[in-house]
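Below: one structure, written as structure tokens.
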Amino acid sequence: MCGRVLVAYASKHGSTREIAEEIGRVLRDGGLDAEVAEARLVSDVAAYGAVVLGSALYAAHWQRDANRFVARHLAALRTRPVWLFSTGPLDRSADAGLLPAPPSVAITTDPIGARGHRVFGGRLLADTPGLDPQVLATHPVGDFRDWDAIRAWAAGIAAALVSPAP
Ligand SMILES: Cc1cc2nc3c(=O)[nH]c(=O)nc-3n(C[C@H](O)[C@H](O)[C@H](O)COP(=O)(O)O)c2cc1C
């Protein structure tokens, strides 16, 4: 066992938050003490034995709060098991679980030495408050999150933390 697990996220319109919350639920179901928090509100990760960090992708970049989280906590992240996820593709291209992190994300996160990085499909709602109509004209609307894949990925993290390989 690794102690408490932090699931930190950066989300502009809520869909990444919902993924983080589901990951937290699966970790708790797996017997872990998991806490879900907005990345920008986490001032210290010392209390956590492992971290899951995720961000929505906009223009092929993580959100600033997620990048700042990495910069703020890099020393601590390097000494803990860390898993990363990105959410974004508004199609089924992420479903096979093979999409790499965009280069800008890899540059930010490579120094962590994370155990894994998974890209999940995203969601764009037509009635998103404040959304520029031009965005709706140029981006597919829909919910492309693969909940079974999200739960399976989180269950793998739970298994790795509950029974670490010798
Ligand atoms: C203006 C705009 C730009 C986007 N750029 C990307 C992108 O570069 N790569 C990607 O995979 N998804 C992109 N997306 C899709 C979002 O990442 C997706 O809607 C995601 O689920 C949003 O997460 P959130 O609700 O947590 O903010 C973009 C969406 C919008 C509206």
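Bear in mind the structure is a predicted one, so any value in this text is a computation, not a measurement. Just follow the structure's listing: the first ligand is 1, and inside any ligand the first atom is 1. The basis for the numbers below is simple: all heavy atoms, side chains too, and nothing from hydrogens, waters or symmetry mates.
Close approach of ligand 1 to K12 (heavy-atom distance below 4.0 Å) involves ligand atoms 24 (P), 26 (O), 27 (O). Less than 4.0 angstrom separates some heavy atom of G122 from each of these atoms of ligand 1: 21 (O). Using a 4.0 Å cut-off to heavy atoms of A60, the atoms of ligand 1 that qualify are 7 (C), 8 (O). If you number the atoms of ligand 1 from 1 as listed, the ones under 4.0 Å from a heavy atom of T87 come out as 17 (O). Distances below 4.0 Å separate heavy atoms of G14 from the following atoms of ligand 1: 24 (P), 25 (O), 26 (O). Every atom of ligand 1 with a heavy atom of P89 under 4.0 Å away is listed here by number and element: 10 (C), 11 (O), 12 (N). Below 4.0 Å from some heavy atom of A56 lie the following atoms of ligand 1, by number and element: 22 (C), 23 (O), 24 (P), 26 (O), 27 (O). Close approach to V135 involves these atoms of ligand 1, each under 4.0 Å from a residue heavy atom: 31 (C).
Looking from atom 16 (C) of ligand 1 to the surrounding protein, the closest heavy atom is L57 O, 3.4 Å. Among all non-hydrogen protein atoms, the one lying nearest atom 15 (C) of ligand 1 is G88 O, 3.3 Å. When hydrogens are left out, the protein atom nearest atom 5 (N) of ligand 1 is A59 N, 3.1 Å; that is the closest non-hydrogen contact. When hydrogens are left out, the protein atom nearest atom 29 (C) of ligand 1 is Y58 CE2, 3.7 Å; that is the closest non-hydrogen contact.
Note that the NE2 atom of H73 and the CZ atom of R68 stand 12.5 Å from one another [nearest 0.5 Å]. The structure places CG of L161 at 12.0 Å from CG of D33, a figure rounded to the nearest 0.5 Å.
Using a 4.0 Å cut-off between heavy atoms, L90 contacts ligand 1 through its side chain alone, with no backbone atom that close. Contact annotation: for R145 versus ligand 1, there are no heavy atoms closer than 4.0 Å.
Taking the six-membered ring where the residue is Trp, W153 and F120 present perpendicular rings, their angle passing 60° and hence far from 30°.
Note on Y58: it does not cluster hydrophobically with V70, by side-chain heavy-atom contacts below 4.5 Å among ILVMFWY residues.
In plain terms, the two heavy atoms of I19 and G121 that are nearest each other are CD1-O, 4.3 Å.
Salt bridge present: E18 and R145 bring a charged side-chain N and a carboxylate O closer than 4.0 Å.
In this structure, R64 places its CZ atom where only 12 or fewer heavy-atom neighbours from other residues, nucleotides or ligands lie under 6.0 Å away. Residue R92 places its CZ atom among more than 12 non-hydrogen atoms of other residues, nucleotides or ligands, all under 6.0 Å distant.
Checking only distances, S15 does come within under 3.5 Å of ligand 1, N or O to N or O. At under 3.5 Å, not a single nitrogen or oxygen of L124, backbone or side chain, sits near a nitrogen or oxygen of ligand 1. Ligand 1 has an N or O atom lying under 3.5 Å from an N or O atom of R123, backbone or side chain.
Side-chain atoms of W62 and S86 include a donor-acceptor pair closer than 3.5 Å. Checked by atom type, the side-chain pair E21/Y9 shows no donor-acceptor distance below 3.5 Å.
Using a distance-only test at 3.5 Å, with no hydrogens or angles considered, a donor-acceptor pair links the side chain of R72 to the main chain of V42.
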